[in-house]
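Just so it is clear: chains get the letters A, B, ... in the order the sequence lines come, proteins before strands, and each one is counted from 1.
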Amino acid sequence: MDEKLLKPYDPKATEDRIYKLWEESGFFNPDNLPNTDKEPFTIIMPPVNANGSLHAGHGLVMTIEDIMVRYKRMRGFKTLWLPGLDHAGFETQVVYEKKLEKEGRTRFGMDSKELYKEILDFTLTNSKNIKSQIKKMGASCDWSREKFTLDDDVIKTVYDTFKKMYEDGLIYRGNRIVSWCSKHQTSFSDLEIKDEEQVESLYYLKYGPFVIATSRPETKFGDKYVVMHPEDKRYLEYKDGQKINLEWINGPIEATVIKDTAIDMEFGTGVMTITPWHDNADFEIAERHSLPKEQVIDENGNLLPIAGEFAGQRIKKARPLIIEKLQTKGLVEKIDENYKHVVRTCYKCGTVIEPQIKTQWFVKMKPLAEKALEKINNGEIKYIPEHYKKITTYWLENIMDWNISRQIVWGIPIPAWFHEPKCVPKPGREKDMEKCREIIVGDKEPVCEFCDAKYTRDPDTFDTWFSSGQWPYVTLRYPDGKDFKIYYPTDILETGGDLVFFWIARMIMLGFYVTGKAPFKTVYMHGTVLDAKGLKMSKSKGNVIDPLVLTEKYGTDAFRIGMVVGNTPGTSLALSEDKIRGYKNFANKIWNATRFVLDNTKDLNYSGLTAGTVNYDEEDKKSEEELKALIKEITKEMDEYKFYIVAEKLYHYLWHTFADIIIERSKKKIAENKNADSAKALLYSQLTTLLKALHPFIPFVTEEIWSMIPEVKEKKLLMIEKWPL
RNA sequence: GCGCGGUUAGCUCAGUUGGUUAGAGCGCCUCUCUUACAAAGAGGAGGCCGGGGGUUCGAGACCCUCACCGCGCACCA
């Protein structure tokens with residue numbers, strides 16, 4: 001018997017060695033698996049942000065996906081789990097900006113190429129770290145197919161998609177209102193905005209004969225349109241288009257009455273003025289009535305010259321001063337200081353979002369969403385848990401166009417060129433001038449055939465989700481790659497519920513658009529990992545649990561099974577150290593049980609066992625049947641992704657049936673030499689069966705034990721043993 | 001405001017299409033170092049299944065309603 005068995009199980013001395021064994025076997029790569037003519041099973045790993053360390057959520061991802069993959073591999077599928085790392089555009093840039101801040105530097109004013117290179121170095125250094133951490137979790141993914149979101153072939157496919165969408169009219173360059181963060185100096189899509197409830201003041205201001213209510217007096221300098229509902233009886237005497245002269249913040253102005261049904265008659269006084277440059281709703285009204293739009297606040301959040309004496313001031317500081325001035329002019333009717341409303345903020349820094357009109361790239365989402373809706377509704381893509389389907393379809397039904405330009409350097413540059421200034425044709429070419437294209441999509445610098453002007457490249461980068469949204473077919477090398485033909489559509493997309501719109505819905509839309517097929521058949525959502533008290537982990541609260549600390553302390557197997565037991569899909573999980581500790585004992589329990597079994601089965605007749613000619617006594621026979629029934633049951637549950645229940649059942653069977661009953665019973669039989677052969681055969685048979693069934697959950701300790709079991713047949717790695725059905 | 005979850009043992013959670021005395025892990029209590037394992041064994045306590053109403057022979061599960069917790073969405077200035 002292996003001497004290691006005489007001491008308690010030592011994960012530290014085992015895990016790295018076992019992982020290396022797996023890696024060197026080549027079986028992470030499906031091309032090397034036996035019976036490769038089998039049906040494929042594919043999971044694309046959500047690319048891990050290369051800007052930090054593995055957190056508890058990653059620990060859950062790696063555990064669940066590895067369980068899925070190991071199970072399918074043992075069931076004989078041609079199993080591919082394709083790992084990836086994410087440059088994570090804005091996220092990483094924010095992390096790097098904080099680093100710069102600490103060093104007393106700032107990205108503004110830095111040469112963009114220089115900054116890009118710095119962040120790239122930072123990311124590549126981190127990548128190595130992250131990869132070793134993924135390995136630490138036991139992830140049996142195919143490193144030979146690893147992808148990084150900035151790989152050349154990734155960028156090429158993303159460019160092809162962008163071009164195709166542009167040519168299909170699904171991408172347009174629009175001068176529209178976008179959500180702007182004045183700290184990060186970039187625009188966002190709607191998803192990067194976090195709504196926050198705040199209590200502020202609602203100011204009732206006298207605007208000629210009207211009283212308007214506003215929470216943002218600092219935007220009101222240029223307001224020359226006063227809007228009310230056409231059916232509001234209080235204001236019937238005012239006609240659409242009517243001019244009114246009135247005294248405003250910085251002097252007399254001429255205002256125009258506009259009637260629009262967007263006005264809520266219940267709110268405030270039922271009258272408002274509009275600031276189309278800095279408010280979504282106002283923008284819409286201005287568009288409907290073809291009204292001019294004027295910028296009041298610059299990109300840094302300072303007031304522009306239109307604000308007169310307040311020009312150059314930050315809006316926050318200017319607000320009370322403006323109110324003071326209005327008060328002295330007698331233009332303040334009243335102030336409601338307890339006005340509770342929702343403020344849109346930057347999800348990263350909490351800065352209040354300042355809508356701005358900017359020329360950006362937008363994706364026309366309606367057609368894409370309609371296709372996705374059809375496919376999701378007809379069941380082509382299944383959601384686990386199912387209620388995420390409702391959440392998704394609701395979002396898709398109300399989808400807005402997607403701003404995909406970001407004013408940051410860390411990302412994939414947008415392949416577009418602008419003819420600026422406008423074309424001045426060479427002599428003799430004037431009549432062709434209208435053929436000159438102001439915007440050219442492509443990676444190569446274009447030349448204008450009518451004039452000598454050079455095109456300038458769009459300085460912006462893509463929203464990182466525009467490229468991640470193409471991940472399944474990009475990683476499998478659409479359109480001509482061998483892998484694409486074999487492994488696409490993939491089987492399962494496993495990720496956290498927070499990515500349901502950001503990533504999943506977009507992958508579905510882009511997947512159907514580009515490949516005509518679903519990118520995956522099933523979406524499996526795990527819940528958020530919370531701390532032991534059920535609170536969200538955050539650095540500021542100081543309750544962040546590092547999965548690597550737990551694996552170090554209790555072993556990866558204990559961590560993995562602790563993450564899975566009782567953790568139903570979609571439900572958040574309170575991660576407690578006690579639970580993990582409990583499963584450390586479990587790993588050791590198997591270890592010790594193995595010692596007993598091997599100690600007592602030295603003289604076992606293996607050939608009888610493999611041939612199935614063992615004569616079990618009545619109770620042992622019953623036990624064999626019981627385990628068979630259990631395996632059948634859990635196999636069904638594995639296929640239904642009920643890992644939380646399978647893990648618990650196996651735990652329970654091993655501890656309270658195999659150890660407590662079968663082992664105890666066998667002691668007597670062996671000691672008294674009564675039905676000893678039956679008992680020995682049963683011990684051996686049950687242990688090996690349980691090792692196989694437990695392997696997807698606790699791969700390290702089971703593989704280690706497997707290597708110690710003498711067997712007549714030539715032995716392979718447990719990871720490619722046949723599932724014991 | 002609309003939508004989606006949740007509320008079961010001290011804690012974290014299971015409980016499949018409604019069907020006997022409601023389960024697990026951890027924690028707690030008592031005893032035991034019995035030759036696989038004290039990281040253990042044997043035994044035990046602990047639950048009007050959030051409140052109220054209804055459907056049913058029968059409800060933790062189904063329907064209505066209320067309360068509380070969590071999350072998401074929204075252009076009410």
Asker: Could you measure between the two P atoms, the one in A42(B) and the one in G5(B), and give it in whole Å?
Answerer: 42 Å
Asker: Given the C1' atoms of U55(B) and A14(B), what is the spacing between them in whole Å?
Answerer: 27 Å
Asker: Looking at C37(B), does its base get a donor-acceptor pair with the side chain of Lys589(A) below 3.5 Å?
Answerer: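 Under the 3.5 Å cut-off, the side chain and the base do form a donor-acceptor pair.
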Asker: Nearest of C37(B), A40(B), A77(B) to any side-chain atom of Ser215(A)?
Answerer: A77(B)
Asker: Which base sits across from C62(B) as a Watson-Crick or G-U pair, both distances under 3.5 Å?
Answerer: G54(B)
Asker: Under a 3.5 Å cut-off for both distances, is G46(B) Watson-Crick or wobble paired, and to whom?
Answerer: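 Base partner found: none.
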Asker: Under 3.5 Å for both donor-acceptor distances, Watson-Crick or wobble: does U20(B) have a partner, and if so which one?
Answerer: none
Asker: When rounded to the nearest Å, what value does the distance between C1' atoms of A74(B) and G1(B) take?
Answerer: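 Per the computed distance, 8 Å lies between those C1' atoms.
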Asker: Just name whichever nucleotide pairs with G3(B), Watson-Crick or G-U, keeping both distances under 3.5 Å, else none.
Answerer: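 Partner of G3(B): C71(B).
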Asker: Say we look at C75(B) and G70(B): how far apart would their P atoms be, to the nearest angstrom?
Answerer: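 The same atom, P, in both gives a distance of 24 Å.
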Asker: Can you tell me how far P in U8(B) sits from the matching atom in G51(B), rounded to whole Å?
Answerer: 10 Å
Asker: Expressed as a whole number of angstroms, how long is the span from Asn600(A):CG to U35(B):P?
Answerer: 14 Å
Asker: I want to check one thing: is the phosphate of A14(B), taken as OP1 and OP2, less than 4.0 Å away from some side-chain N or O of Thr568(A)?
Answerer: yes
Asker: Both distances below 3.5 Å, Watson-Crick or wobble geometry, any strand: find the nucleotide opposite A40(B).
Answerer: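 Partner of A40(B): U32(B).
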Asker: Between His229(A) and A77(B), does any side-chain N or O lie under 4.0 Å from OP1 or OP2?
Answerer: no
Asker: Both Ile193(A) and Asp279(A) contact RNA chain B. Taking the nearest nucleotide for each, which residue is further toward the 5' end?
Answerer: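 Its nearest nucleotide lies further toward 5', so the answer is Ile193(A).
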Asker: When the distance from CD1 of Ile399(A) to P of A74(B) is rounded to whole Å, what number comes out?
Answerer: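 Between P of A74(B) and CD1 of Ile399(A): 11 Å.
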Asker: Taking atom C1' of G15(B) as reference, at what distance in whole Å does atom CD of Glu648(A) sit?
Answerer: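 Whole-Å distance recorded here is 10 Å.
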Asker: Expressed in angstrom and rounded to an integer, what is the separation of Leu573(A) atom CG from G6(B) atom C1'?
Answerer: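 Distance, rounded to whole Å: 15 Å.
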Asker: Check Trp402(A), Phe502(A), Phe188(A) against Trp465(A) for a ring-ring contact (aromatic ring centres under 6.0 Å, His included) and give me the one that passes.
Answerer: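 Passing option: Phe502(A).
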Asker: Round to the nearest Å and state the distance from Tyr383(A) atom OH to G5(B) atom C1'.
Answerer: 17 Å
Asker: Keeping Arg595(A) on the side-chain end and Leu6(A) on the backbone end, is there a donor-acceptor pair under 3.5 Å?
Answerer: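 Yes, the answer is positive, given that a donor and an acceptor are paired below the 3.5 Å cut-off.
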Asker: Please tell me which of Glu637(A) and Ala593(A) maps to the more 5' nucleotide of RNA chain B, matching each residue to the nucleotide holding its nearest heavy atom.
Answerer: Glu637(A)
Asker: For Glu3(A) and A36(B), give me the distance from atom CD to atom P, rounded to whole Å.
Answerer: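 Nearest whole value for this atom pair: 19 Å.
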Asker: What integer number of Å spans the P atoms of C33(B) and A39(B)?
Answerer: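 So the two P atoms sit 16 Å from each other.
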Asker: For the CD atom on Glu397(A), are there more than 12 heavy atoms of other groups (residues, nucleotides or ligands in this structure) within a distance under 6.0 Å?
Answerer: yes
Asker: Main chain of Tyr644(A), side chain of Asn567(A): is a donor-acceptor contact present, judged purely on distance under 3.5 Å?
Answerer: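 Judged by distance alone, no pair lies under 3.5 Å.
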Asker: Would you call Lys667(A) and Glu664(A) a salt bridge, taking side-chain N to carboxylate O under 4.0 Å as the test?
Answerer: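 Here Lys667(A) pairs with Glu664(A) in a salt bridge, since their nearest N and O are under 4.0 Å apart.
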Asker: Between C48(B) and A36(B), how far apart are the C1' atoms? Round to whole Å, please.
Answerer: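 To the nearest whole Å, 45 Å.
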Asker: Asp240(A) and Ile258(A): which non-hydrogen atoms are nearest, and at how many Å?
Answerer: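 It is OD1-CA, 3.3 Å.
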Asker: Please determine, for the side chain of Ile263(A), which listed nucleotide (C37(B), A14(B), A77(B)) has the closest atom?
Answerer: A77(B)
